[in-house]
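Notes follow once the structure below has been shown.
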Amino acid sequence: MMESDISLHLPSGSSASSGSLRAKEARDLDDFAQAVLAGFAQRPRSIPCRFFYDARGSELFEEITKLEEYYPTRAETALLEAHRAEIAALVGPGRILVEFGSGSSRKTSLLLGALGKVPAYVPIDIAADSLKEAAEWLSGQHEGLTILPFIADFTTTRALPPVATRKKRLGFFSGSTIGNLTHEEAASFLANAARLLGKGSTFLVGVDLKKPVSILLPAYNDGCGVTASFNLNLLVRINRELGGNFDLSRFAHDAVWNDEAGRVEMYLVSLANQAVHAVGRAFDFSKGERIHTENSHKYTVAEFQTLARASGWLPVKAWTGPDRLFSLHLLRQG
Ligand code: AVI
């Protein structure tokens with residue numbers, strides 16, 4: 001890999017000193033503890049899916065993307081490969097590429113290759129480590145690329161680093177991560193992205209399509225049990241970080257299709273009546289009780305375009321491929 005000096009940018013008002021990074025770790029731990037306490041106080045109990053991605057969870061997700069049953073990563077990459085030249089032509093030259101999240105280096109690389117010379121690439125992610133890793137890999141792939149990694153929560157951040165505002169921007173949000181948000185959250189994310197990317201911007205969004213349950217469910221309940229380990233890793237994380245004593249053999253992974261809500265839902269199911277300690281409290285779980293851990297919404301092309309229009313974007317074009325497994329949407333600001 002080529003030597004690179006990629007310094008991380010933080011929202012104005014914050015600093016990247018080791019003291020402030022330690023303070024951030026303490027805030028993250030507190031955030032996790034608060035979320036578990038709040039989620040366990042509800043019925044059904046829940047844990048927000050953003051906590052899947054500790055180091056082990058990120059590794060397991062990487063493994064999921066390579067599974068035979070998990071089609072989204074392959075299908076989206078194939079769409080990008082097939083249509084990148086047309087996408088680049090529709091977007092036009094000279095745009096700063098702003099990526100929401102940094103976990104999709106291969107897809108980003110395909111897009112960067114098609115766009116030609118971009119003034120800068122700005123990946124936004126809350127996880128400094130994955131941001132740095134992805135930025136280093138991409139700088140090895142694209143010589144001379146200016147990378148401005150930005151540590152921020154892309155669902156809420158209000159401003160880009162000033163250098164990223166000098167030229168028009170193309171946003172990129174891949175992997176159907178938008179499906180992990182509720183419809184209200186997705187609408188508010190799209191509206192915030194419209195403000196952040198600014199007038200005249202374009203936005204490329206990857207969205208998983210509705211399809212038969214016989215294809216959907218195995219993608220979230222694979223034969224090798226990788227998704228089960230990914231889901232159960234939440235309990236491993238509670239045990240390690242929040243002083244929990246969950247017995248992993250007494251919980252099981254489950255994934256169901258909720259037709260009314262148009263989403264796959266993941267749960268951890270208690271296999272016995274049991275008492276568990278975590279965050280200094282005791283929690284009783286009854287046999288069969290479910291902890292809700294993730295929603296993965298699926299959209300038809302028309303449903304997603306309606307959501308985009310309601311959030312300040314105009315659909316330019318959508319690509320779905322002959323298998324209709326996944327969709328790529330190009331949007332522009334009205
Ligand atoms: C990251 N996200 C889009 C994945 C999905 O398909 O909803 C997370 C995932 N959960 C289970 N498998 C993959």
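Both ligands and their constituent atoms are indexed starting at 1 by order of listing. Just so it is clear, the structure is predicted and the values come from calculations on it, not from any experiment.
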Side chains of [X] and [Y], donor plus acceptor under 3.5 Å:
X      : Y      : answer
Asp125 : Ser130 : no
Glu99  : Thr108 : yes
His253 : Tyr220 : no

Open item on the list: Tell me every residue that passes side chain to side chain donor-acceptor pair (under 3.5 Å) with Glu69, counting only those two or more places apart in sequence or in another chain.
Closed with: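 With sequence neighbours excluded, Glu69 shows a side chain to side chain donor-acceptor pair (under 3.5 Å) to no residue whatsoever.
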Task: For Glu81, the option from Arg74, Lys107, Arg106 that meets salt bridge (charged side-chain N to carboxylate O under 4.0 Å, His left out) - done: Arg106
Can you pull every nitrogen or oxygen pair between ligand 1 and the protein closer than 3.5 angstrom?
from, atom 1, to, atom 2, distance (Å)
ligand 1, 2 (N), Asn180, OD1, 2.9
ligand 1, 6 (O), Tyr70, OH, 2.5
ligand 1, 6 (O), Tyr220, OH, 2.5
ligand 1, 7 (O), Asn180, ND2, 2.9
ligand 1, 7 (O), Ser296, OG, 2.6
ligand 1, 10 (N), Glu294, OE1, 2.7
ligand 1, 10 (N), Glu294, OE2, 3.3

TODO: Please work out which of the three classes, parallel, tilted or perpendicular, describes the rings of Phe173 and Phe154, given edges at 30° and 60°.
DONE: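 Taking Phe173 first and then Phe154, their aromatic rings stand perpendicular (interplane angle over 60°).
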